[in-house]
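Reading through the structure tokens given below for one structure.
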Amino acid sequence: MADRPLPRDGIALLAGYHSPQVDVPVRLNTNESPEPPPAAFAEAVARAVRDVAWNRYPDRAATGLRARIGALHGVGPEWVFAANGSNEVLQTLCLTYGGEGRTAVTFEPTYALHAHIARLTGTAVVEAERADDFTVDLVEAERVLGDAAPDITFLCSPNNPTGVVEAEATVRTVLERAPGIVVLDEAYGQFAPWSGLTLVADDVALVVTRTYSKTWSMAAARLGYLIGPPWLVAELDKVVLPYHLDALKQAAGIAALEHAAAMEERVARIVEERARLAAELAELPVDVWPSGANFVLLRPQALDGAAVWSGLLERGVLVRDCSSWPRLAGCLRVTVGTRAEDDAFLAALSEVLE
Ligand code: PMP
């Protein structure tokens, strides 16, 4: 081969998205649920494996799953779009409302995949700056929404990796000013005191995205969805690949919803444990941001964040190293784990900081 064929413009220069995985006893780096789903859920999935008509394509529209998710949120199936993780939901949104000649706005720092997926789909990205407390700054929002006139505006509440919950008034203002669609990423919505789901309406260009990966303890399954107006969901249905959701995943997604009470207990436990973790961190020489999610952002005051990350790893604790990310110098993000995992993290952190 004389020359290696090149990917299309923009791809060659793009860095891939990485989240390093290391096999250690305490993994608090990817905001997963520390508990597996209830045993009854696993049994229901085992039954579903037996019952799947494996020689047939699955229900293409995932009607049953959409109806059940819709029922959970008090809307019909036509308000629900489901895909392989909320990442695929975001990708489908970008393929549908972004693309060449179109623009997306993000408020940085935020979930890196918003800008990354937008760029992968050929969408130009304009990065707006958050206020010092990491909330969306309304003056900056009005400026950027006016200047960039984005086709897609990404909000994230609670925001990853800061954990900060956006005020409802902020989301409402962005909705009024954004000329295109607004994507409110609520991957961590269940851990927060309020949800933008109440703002979804037929005459509002808002979608709220959710995932089974966190609350539903199903990161392995790759299932996410959005709630949005039916006219918008209908456009997404044109874009996503046929039969993108396999039959087993649809069954697993339905089975999980039978265990809503168990899931709510898990959320309550994590929210309680988050408060304990934050209180313990407040006793250490680290800055901590208030979190409405299942993780906490912190910054060691005297030591280099990357050095602290390595010190934790040497003690068998893996957290997310954000210390070299733009606007997050020195920061680390720790997922709320079980009490035992968090104790191991706190003990290791105290040692490293000494
Ligand atoms: N949005 C945010 C803000 C996230 O943090 C994540 C997971 N890290 C996702 C979306 C994607 O979640 P999934 O694809 O597992 O549904």
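Keep in mind that the numbers below use all heavy atoms, side chains included, and drop hydrogens, waters and symmetry copies. Every number for a ligand or one of its atoms is a count from 1 in the order of the listing.
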Q: Test side-chain contact (heavy atoms from CB on, under 4.5 Å) on Asn29 and Thr335 and set out the steps.
A: CA-CA 6 Å; Asn29 63 325; Thr335 304; 5.7 Å; no

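- Between Glu32 and Lys214, none of the side-chain N atoms (NZ, or NE/NH1/NH2) sits under 4.0 Å from a carboxylate O, so this pair counts as no salt bridge.
- Listed by chain and number, the residues in a side-chain hydrogen bond (donor to acceptor under 3.5 Å, both in side chains) with Arg102 amount to none (sequence neighbours excluded).
- Protein residues lining ligand 1, listed by chain and number: Gly85, Ser86, Asn87, Tyr111, Cys156, Asn160, Asp185, Ala187, Tyr188, Thr211, Ser213, Lys214, Arg222 [non-hydrogen atoms, distance under 4.0 Å].
- Ring geometry for His259 versus Phe41: interplanar angle over 60°, hence perpendicular rather than tilted (30 to 60°).
- Within the structure, salt bridge (Lys or Arg N to Asp or Glu O under 4.0 Å) contacts touching residues 130-139 (residues at least two apart or in different chains) are Arg130-Glu166.
- Residues that satisfy the salt bridge (Lys or Arg N to Asp or Glu O under 4.0 Å) test with Glu235, not counting sequence neighbours, are Lys238.
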